[in-house]
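Each remark here refers to the structure printed beneath this line.
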Amino acid sequence: MFPAQRRCVANAVCLQAHITKYLTATSTTHYNNALYGSQQNRNLTRKSSSIGQQKKSLDFELNTADSPADVPNIQFAHARMGPFFQEEPRLRNQFSQDAFLRGFLKRHVCSKHLHEMNGRLQELGERVTTDIYELSLRMESEPPRLEQFSAWGSRVDKLITSTAWQNMKAESRADPDHRRPILALKLLTSKHVTRLYQMTQFYLFEPSGGLYGCPLAMTNGAARTVELLQGTQPWLYDQTFPHLTSRDPDQFWTSGQWMTERRGGSDVASGTETVAVEQTDGTYKLFGYKWFSSATDADMTLTLARVVDKNGSTGTSGLSLFYLDVKSQTSKIQIMKLKNKLGTRQLPTAELLIDGATAYKISDEGRGVSAMSQMLTLTRIHTAVHAAGAMRRIVNLARDYAGRRKAFGRRLLQHPLHVHTLAGLEVEARAAAIFVFEVSRLLGRQETQAPSEELEVEADVLRLAVPLLKLYVSKQSVSVVSEGLECFGGQGYIEDTDLPRLLRDTQVTPIWEGTTNILSLDVLRAIRKSASKPAVHATKQSESDTSSLPPILHNFRRDVLARVSPGKETRSLEVAGVKVETALAEVLAHWSRLDQTQQDMSARETAFSLARIYMGALLVEHAAHSSATETDVYTAQRCAQNFVA
């Protein structure tokens, strides 16, 4: 065995031993709680056990009462199926179980607001394992359906959704005096952490939300778009924003995002056929066919269309953004069919014919895509949140199951290879989570803080980080959830367990809001567009090392180096920090040597490398903090070893 191989095996054994200790400790504690309850409930458990013994005795009598005298009382006779039934995995409070999330919040939220935030997340963490999860199961078993014609032949286009879907709207906007709304924009007085708080709620909610997170995500994006247009469209803000952010279920509106048409999704510039005809009162009539409209039951929508001039020509001005009140004019919007999808079956997604619906132009003519850029930013982050939440959920379930399932004489958590596999999934889940949390935090700072040089650097980082986050975390979530299903053996493939749903619903995340290739090209576009912009506050060393880099990459490099710097001063993290730093230098140097065609061809690989490097830097930074745990350190080490090196 070569020396490098021996070191790799030694590192793997060390990591495995640590994770085994971690899993065994956490599993033992929650195992006892799961099986026997807390200390104050154990008397009740003992009482229930005695009742169970009585029931078992009664079952025995019932099973043997009618047995013929000449047939021995053996297992599997008649309807008796044997004594063993595999104990299923159990969900605990998803916030209290997530030490990594709690550690991140402790680092970035002041103690005053942390107490408030933790209390609300604790409540939500419990509800996503109980009533919210129960609603999602009902939504999955009662998918939406379309009734296009009445019994007498009239066109009705009636979208029928389950009561569970309708109730989820109320649950997400529950009375703040009793339950906290999921879509929380204005709950904390410390505004710069509001986005972080909001996305941590969605992170807990999404795996149990029955895809209701999709309309909430678009509503979130619409609210931000309307807020940014307040100066030029005050009437729009007054009419919609209070509804989009209301905590009252009767006043709350959801919003659609109708962009995709038959010619394509991401290429909206050339693929949009919908036209807008101006009326004498200043409104517009829209005519078009929307090929893929999620949240078909939305109260309002933002949509793109081309304005028709007096000669009936759309001209060359491009797409404009329109506001359309859906509920008030259902007769002008025909539901042609519901989509039959691989996953996200709870979510009503339809093809729509817009036939003269009244709309209001809310952007400058031809500036529609630019006007809704913040909406796209938020929906991309939401997609990554969904993906990261699914990764965390499958890892939590697999970890719990490892303490319940016996194979070959031992529980799964006692098999080194299985523990090693779980450790790898845990590292993937943590890397995705910290990427989501940090991008959300940076977005909150951009939205609320006064302009500064520091924020200008962060804006460049965020411009790259959002597409990197969405493309990488979404792609990896499919792999992680698929691997997670294997941890349950054949049961991972059985629909009754609700485990396959996680994979089906996760598969959409690399597709929604831009595929992996589209977002890789978006990263490349951002890099090239920054060429005319000077780098912010460059140091002499960075000027000499990165003089040929576009400013946005220069600032990205500065940010990564600043994050790994504390780790390099720590003995346990020095190697990990150096690996991240070295990998970054190699990727940037390689990219600088490519011509334009080569950059296009390698855009995907470049994007994946930058994403891994950034996650590695975030984990090293997190592990170097004074509040970090031993597991945080090992996570950073393994990430640098597996992702970056």
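For the single chain, residues carry numbers from 1 onward in sequence order.
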- Can the positive tip of Lys339 be found less than 6.0 Å from the middle of the six-membered ring of Trp291, inside 45° of the ring normal?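 Because its charged atom sits under 6.0 Å from the ring centre and within 45° of the axis, Lys339 does stack over Trp291.
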- Item | Stepwise side chain to side chain contact (heavy atoms under 4.5 Å, CB included) test for Leu105 and Leu196 | CA-CA 9 Å; Leu105 295 178; Leu196 172 60; 4.0 Å; yes
- Kindly say whether the aromatic ring centers of Phe205 and Tyr212 come within a distance under 6.0 Å.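 Between Tyr212 and Phe205, which both carry aromatic rings, the centre distance is not below 6.0 Å.
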- Message: Pair Ile333, Asp157 - check side chain to side chain contact (heavy atoms under 4.5 Å, CB included), show working.
- Response: CA-CA 9 Å; Ile333 304 171; Asp157 286 338; over 6 Å; no
- Query: For the atom pair NE2 (His192) and CG (Leu443), what is the distance rounded to the nearest 0.5 Å?
  - Reply: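 Answer for the NE2-CG pair, His192 versus Leu443, is 13.0 Å.
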- From Ser136 atom OG to Glu171 atom CD, the distance as rounded to the nearest 0.5 Å: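 It comes to 12.0 Å.
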- Lys/Arg N to Asp/Glu carboxylate O, Asp460 vs Arg558, below 4.0 Å: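 Answer for the salt bridge query: no.
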- Query: Going by an N to O cut-off under 4.0 Å, is there a salt bridge joining Glu261 and Lys290?
  - Reply: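 So Glu261 pairs with Lys290 through a salt bridge.
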Do [X] and [Y] have side chains that approach each other closer than 4.5 Å (heavy atoms only, starting at C-beta)?
X: Trp512; Y: Phe292; answer: yes
X: His382; Y: Glu513; answer: no
X: Leu319; Y: Met259; answer: no

- Where Thr301 and Gln257 come nearest, the two heavy atoms and their spacing: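 Closest approach of Thr301 to Gln257, heavy atoms only: OG1-N, 3.5 Å.
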- Which atom pair, heavy atoms only, marks the closest approach of Gln598 to Arg593?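 Gln598 and Arg593 have their closest heavy atoms at OE1-O, 4.3 Å.
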- Verdict with supporting geometry, Leu101 and Tyr203, side chain to side chain contact (heavy atoms under 4.5 Å, CB included): CA-CA 10 Å; Leu101 168 57; Tyr203 173 74; 4.2 Å; yes
Main-chain N/O of [Y] paired with [X] side-chain donor or acceptor, under 3.5 Å:
X: Gln148; Y: Ile335; value: yes
X: Gln329; Y: Thr358; value: yes
X: Lys158; Y: Arg145; value: no
X: Gln279; Y: Val277; value: yes
X: Ser602; Y: Glu605; value: no

- Tyr360 and Gln233 side chains, donor-acceptor separation under 3.5 Å: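 No pair is found: no donor N or O on one side chain lies under 3.5 Å from an acceptor on the other.
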- Task: Step through the shown structure and confirm whether more than 12 heavy atoms of other residues, nucleotides or ligands are within 6.0 Å of CZ on Arg528.
- Result: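 More than 12 within 6.0 Å, yes.
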- Apply side chain to side chain contact (heavy atoms under 4.5 Å, CB included) to the pair Arg224 and Glu447, showing each step before the final yes or no. CA-CA 10 Å; Arg224 180 58 179 162; Glu447 291 176 337; 3.5 Å; yes
- The single option from Trp253, Phe252, Tyr237 passing side chain to side chain contact (heavy atoms under 4.5 Å, CB included) against Leu244: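 For Leu244, the side chain to side chain contact (heavy atoms under 4.5 Å, CB included) check succeeds only for Trp253.
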- Item | Residue that, paired with Arg463, satisfies side chain to side chain contact (heavy atoms under 4.5 Å, CB included) out of Asp522, Asn555, Val523 |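 Going through Asp522, Asn555, Val523 one by one, the side chain to side chain contact (heavy atoms under 4.5 Å, CB included) with Arg463 is satisfied by Asp522 alone.
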- Message: Which label fits Tyr472 and Phe608: parallel for a plane angle under 30°, tilted from 30 to 60°, or perpendicular past 60°?
- Response: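 Judged by the thresholds at 30° and 60°, the geometry between Tyr472 and Phe608 is perpendicular.
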